[in-house]
Asker: 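If you scroll down you'll find the structure; I have some questions about it.
If you're wondering where the values come from, they're calculated on a predicted model, not measured in any experiment.
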Amino acid sequence: MSRNAGREYEGIACLYLKAKGFDILERNVNYGFAEIDIIAKFKKTLVFVEVKGGNPDFPPRLRINRKKLKKIEMAANRYISSKEPAFDSCRIDVIEVLSNGRINHIDGVGGW
């Protein structure tokens, strides 16, 4: 997947989240060891979103393994400690943007 395709999938995911009532706080927050695609807020929940896109024959979400989730958790912790945002709870979500136009939103992934 090209960098442009990734940015396109992230743009689609942002539009989807906005339509669902999420406020987009930041995009592409990079800490060197990991990048958070989208940081959003839904009511009082801080949501760190990983976006994957591609062919529905091999669901893109399957490219997220425990190692990737751990890096997202570490980046999310760094974001929280540096920005000190106000929130009651937080979670990691996955938005899957499929080439057939379907969007799957999986909320609360990982053990964090």
Side-chain angles (χ1 to χ4, degrees):
M1 175 175 64
S2 74
R3 187 168 183 85
N4 288 339
R7 299 286 186 217
E8 184 177 332
Y9 293 139
E10 290 168 10
I12 292 167
C14 281
L15 292 173
Y16 168 86
L17 290 169
K18 286 178 186 177
K20 296 289 183 181
F22 286 72
D23 291 319
I24 306 302
L25 303 178
E26 296 196 47
R27 289 179 63 179
N28 307 114
V29 176
N30 193 324
Y31 290 109
F33 60 87
E35 179 179 284
I36 302 171
D37 294 330
I38 300 168
I39 300 172
K41 203 165 187 184
F42 184 71
K43 300 180 181 174
K44 294 184 178 187
T45 301
L46 189 60
V47 184
F48 300 92
V49 182
E50 176 68 12
V51 179
K52 292 292 183 194
N55 188 326
D57 294 334
F58 183 77
R61 69 180 170 267
L62 297 179
R63 295 194 313 263
I64 302 171
N65 57 25
R66 288 188 190 276
K67 184 178 179 181
K68 176 72 172 175
L69 279 175
K70 188 67 177 168
K71 287 182 177 184
I72 294 169
E73 290 171 7
M74 289 171 30
N77 284 326
R78 180 166 297 172
Y79 178 86
I80 290 167
S81 67
S82 66
K83 300 285 185 163
E84 298 181 0
F87 64 94
D88 288 347
S89 63
C90 58
R91 68 177 195 239
I92 297 171
D93 288 6
V94 174
I95 301 273
E96 182 178 59
V97 180
L98 302 176
S99 57
N100 64 7
R102 183 179 174 139
I103 297 173
N104 295 318
H105 183 179
I106 304 117
D107 65 344
V109 301
W112 187 60

Asker: Would you check, one step at a time, whether the test side chain to side chain contact (heavy atoms under 4.5 Å, CB included) holds for Val94 with Val49?
Answerer: CA-CA 6 Å; Val94 174; Val49 182; over 6 Å; no
Asker: List, by chain and number, the other hydrophobic cluster members for Leu62, where Ile, Leu, Val, Met, Phe, Trp and Tyr join if side-chain heavy atoms come within less than 4.5 Å, directly or indirectly.
Answerer: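 Phe58, all in the cluster of Leu62.
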Asker: About how many Å separate CG of Asn55 and CG of Leu98, when rounded to the nearest 0.5 Å?
Answerer: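 If I round to the nearest 0.5 Å, the distance is 8.0 Å.
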Asker: Could you work out, with salt bridge (Lys or Arg N to Asp or Glu O under 4.0 Å) as the rule, every residue matching Lys68, not counting sequence neighbours?
Answerer: Glu50
Asker: Taking all non-hydrogen atoms of both residues, which atom of Ala40 and which atom of Phe22 are closest, and how far apart?
Answerer: CB-CD2, 4.0 Å
Asker: Please find the pair of heavy atoms, one from Ala13 and one from Val51, that lie closest to each other, and give the distance.
Answerer: CB-CG2, 3.8 Å
Asker: Under the salt bridge (charged side-chain N to carboxylate O under 4.0 Å, His left out) rule, what pairs show up with a residue in residues 96-112, not counting sequence neighbours?
Answerer: Arg61-Glu96
Asker: Return the set of residues passing side chain to side chain donor-acceptor pair (under 3.5 Å) with Ser99 (not counting sequence neighbours), or none when no residue passes.
Answerer: none
Asker: With sequence neighbours left out, what residues match Ile103 under side chain to side chain contact (heavy atoms under 4.5 Å, CB included)?
Answerer: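 Checked Ile103 against side chain to side chain contact (heavy atoms under 4.5 Å, CB included); matches are Ile12, Tyr16, Ile95.
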Asker: Mind checking the CD1-CD1 spacing from Ile92 to Ile64? Nearest 0.5 Å is all I need.
Answerer: 9.5 Å
Asker: Tell me, please, which residues at least two apart from Asp93 pass side chain to side chain donor-acceptor pair (under 3.5 Å).
Answerer: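 In terms of side chain to side chain donor-acceptor pair (under 3.5 Å), with neighbours along the sequence ignored, Asp93 is linked to Arg91, His105.
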Asker: Enumerate the residue pairs fulfilling salt bridge (charged side-chain N to carboxylate O under 4.0 Å, His left out) with a member in residues 81-90, sequence neighbours excluded, ordered by first and then second residue.
Answerer: Glu26-Lys83
Asker: How about Leu17 and Ile38: do any of their side-chain heavy atoms sit closer than 4.5 Å?
Answerer: yes
Asker: Please name all residues satisfying side chain to side chain contact (heavy atoms under 4.5 Å, CB included) with Cys90, sequence neighbours left out, ordered by chain then number.
Answerer: Leu46, Phe48, Ile80, Phe87, Trp112
Asker: If you look at every heavy atom in Tyr79 and Pro85, which pair is closest and at what distance?
Answerer: CE2-CG, 4.1 Å
Asker: Between Pro60 and Lys52, which heavy-atom pair has the shortest distance, and what is it?
Answerer: CB-CB, 3.6 Å
Asker: Mind checking whether Leu15 and Tyr9 sit in one hydrophobic cluster, side chains of I, L, V, M, F, W, Y counted as touching below 4.5 Å?
Answerer: no
Asker: Under the side chain to side chain contact (heavy atoms under 4.5 Å, CB included) rule, collect the residues that match up with Ala75, sequence neighbours excluded.
Answerer: Tyr31, Phe33, Ala34, Ile36
Asker: So, using side chain to side chain donor-acceptor pair (under 3.5 Å) as the criterion, who are the partners of Asn28 when residues are at least two apart?
Answerer: Arg7, Glu10, Glu35
Asker: Flag the pair Asp37 / Arg27 as yes when at least one side-chain heavy-atom distance between them is below 4.5 Å, and no otherwise.
Answerer: no
Asker: Going by the salt bridge (charged side-chain N to carboxylate O under 4.0 Å, His left out) test, which pairs reach into residues 71-81, not counting sequence neighbours?
Answerer: Lys70-Glu73
